[in-house]
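We count ligands from 1, going down the list as the structure has it; atoms in each ligand are counted the same way. Since we're looking at a predicted model, the values are computed, not measured.
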Amino acid sequence: MSAADKATHYQSLTIKPVTPHIGAFIEGLDLTRIESADLQTELRRALFDFQVLFFRDQHITSEQQVRIAKIFGDPDKVKSLFPRHESQQSIEKVESSPDGYRYGNDQWHADVTFSNNPPTGTVLYAHVIPPHGGDTLWASATAVYRALPPKLRDYLESLEAIHSIENSGWAGYFDQLKDGQAQFNQTRIDHPPVVHPVVQTHPVTGEKIIYVNPEFTTRIKGLPRQQSDALLNFLYQYFLQPEYQVRLKWAVNTLAIWDNRATVHYAVADYDWQERKLSRITFGEDQAF
Ligand code: SIN
């Protein structure tokens with residue numbers, strides 16, 4: 001079924017798909033008024049149908065952001081390394097300023113795949129956005145799987161990959177701190193490398209997913225370095241194809257929710273580290289899926 005057809009099968013939501021594979025705006029919905037169980041069921045379904053949902057003009061408090069995340073999963077199992085909101089510990093502050101620290105979100109990644117139990121999804125809400133730039137892109141890892149030659153898909157099903165923070169944006173973040181090397185060494189101990197299958201099956205939609213990303217995947221287990229790099233780079237080329245992507249131009253009070261299993265994303269670092277402030281909640285906890 002096409003994205004446009006899917007969008008017509010909702011009673012309570014007005015859905016405007018952005019591309020055939022990924023992304024949709026939900027229009028006319030106030031996210032502070034979503035108590036109805038039917039509405040919540042449709043929101044969960046929409047997340048799986050469209051992989052990333054965008055909502056404009058949402059005026060929400062941090063408590064309300066937590067309540068929104070809870071519709072989709074448990075927000076209390078935060079695994080990432082961002083600074084936390086002062087009173088809402090499940091909220092991470094994804095913030096840049098000219099004299100602040102730089103977080104390396106400008107690499108394709110799914111959130112926290114360096115963990116055995118990455119979150120199932122993420123809610124990101126914009127407080128301050130630079131006048132130009134600072135967009136976020138998502139790519140559909142299910143569309144990428146479907147685009148691959150069938151024989152390659154079969155081969156990939158037999159493979160596992162190592163994920164770690166070793167070459168991630170976190171390494172560059174710790175470089176900026178006075179005792180950063182010691183902190184990075186401790187973080188490595190706290191987050192040893194983990195193994196995930198290269199192809200996963202989405203537990204809700206049953207769709208196959210290419211589950212590697214350039215930020216956290218370090219190598220394919222059991223392959224020589226050159227072969228592992230070549231195969232991973234081949235797969236990453238698909239994430240770069242605009243056909244499988246959607247791009248959000250943020251505005252203050254825009255909220256995005258994504259399916260962290262079915263997508264990878266990239267925060268475009270073209271705004272010269274002007275003020276950009278978002279609050280992020282990851283929710284749910286995957287077992288190897
Ligand atoms: C993230 O990588 O989760 C944050 C994305 C962004 O800052 O746009």
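- Here the protein heavy atom with the shortest distance to atom 4 (C) of ligand 1 is Asn105 ND2, 3.7 Å.
- Under 4.0 Å is where a charged nitrogen must lie from a carboxylate oxygen, and between Lys70 and Asp74 no such pair does.
- In this structure, the side chains of Lys93 and Glu86 come closer than 4.5 Å at one or more pairs of heavy atoms.
- Set against the non-hydrogen atoms of Trp258, the atoms of ligand 1 under 4.0 Å away are 3 (O).
- At a threshold of 4.0 Å, the pair Glu35-Arg33 does not count as salt-bridged, since none of the basic side-chain nitrogens sits closer than that to a carboxylate oxygen.
- Of all atoms in ligand 1, listed by their number and element, those nearer than 4.0 Å to a heavy atom of Leu124 are 5 (C), 6 (C), 8 (O).
- One finds no salt bridge joining Glu27 and Arg56 here, because no Lys/Arg side-chain nitrogen approaches an Asp/Glu carboxylate oxygen to under 4.0 Å.
- With respect to Glu207 and Arg261, no salt bridge is recorded, no charged nitrogen being found less than 4.0 Å from a carboxylate O.
- Set against the non-hydrogen atoms of Val94, the atoms of ligand 1 under 4.0 Å away are 7 (O).
- Taking each of His265, Arg276, Lys277 in turn, the one with a heavy atom nearest to atom 7 (O) of ligand 1 proves to be Arg276.
- Those atoms of ligand 1 that come under 4.0 Å of a heavy atom in Ala267, given as number and element, are 5 (C), 6 (C), 7 (O), 8 (O).
- Among all protein heavy atoms, the one lying closest to atom 3 (O) of ligand 1 is Arg280 NH1, 2.7 Å.
- A heavy-atom distance below 4.5 Å is not found between the side chains of Ser164 and Arg188.
- Looking only at protein heavy atoms, the nearest one to atom 8 (O) of ligand 1 is Thr136 OG1, 2.6 Å.
- In this structure the side chain of Glu92 never reaches within 4.5 angstrom of the side chain of His85, judged on heavy atoms.
- Residue Asp111 places a heavy atom under 4.0 Å from ligand 1.
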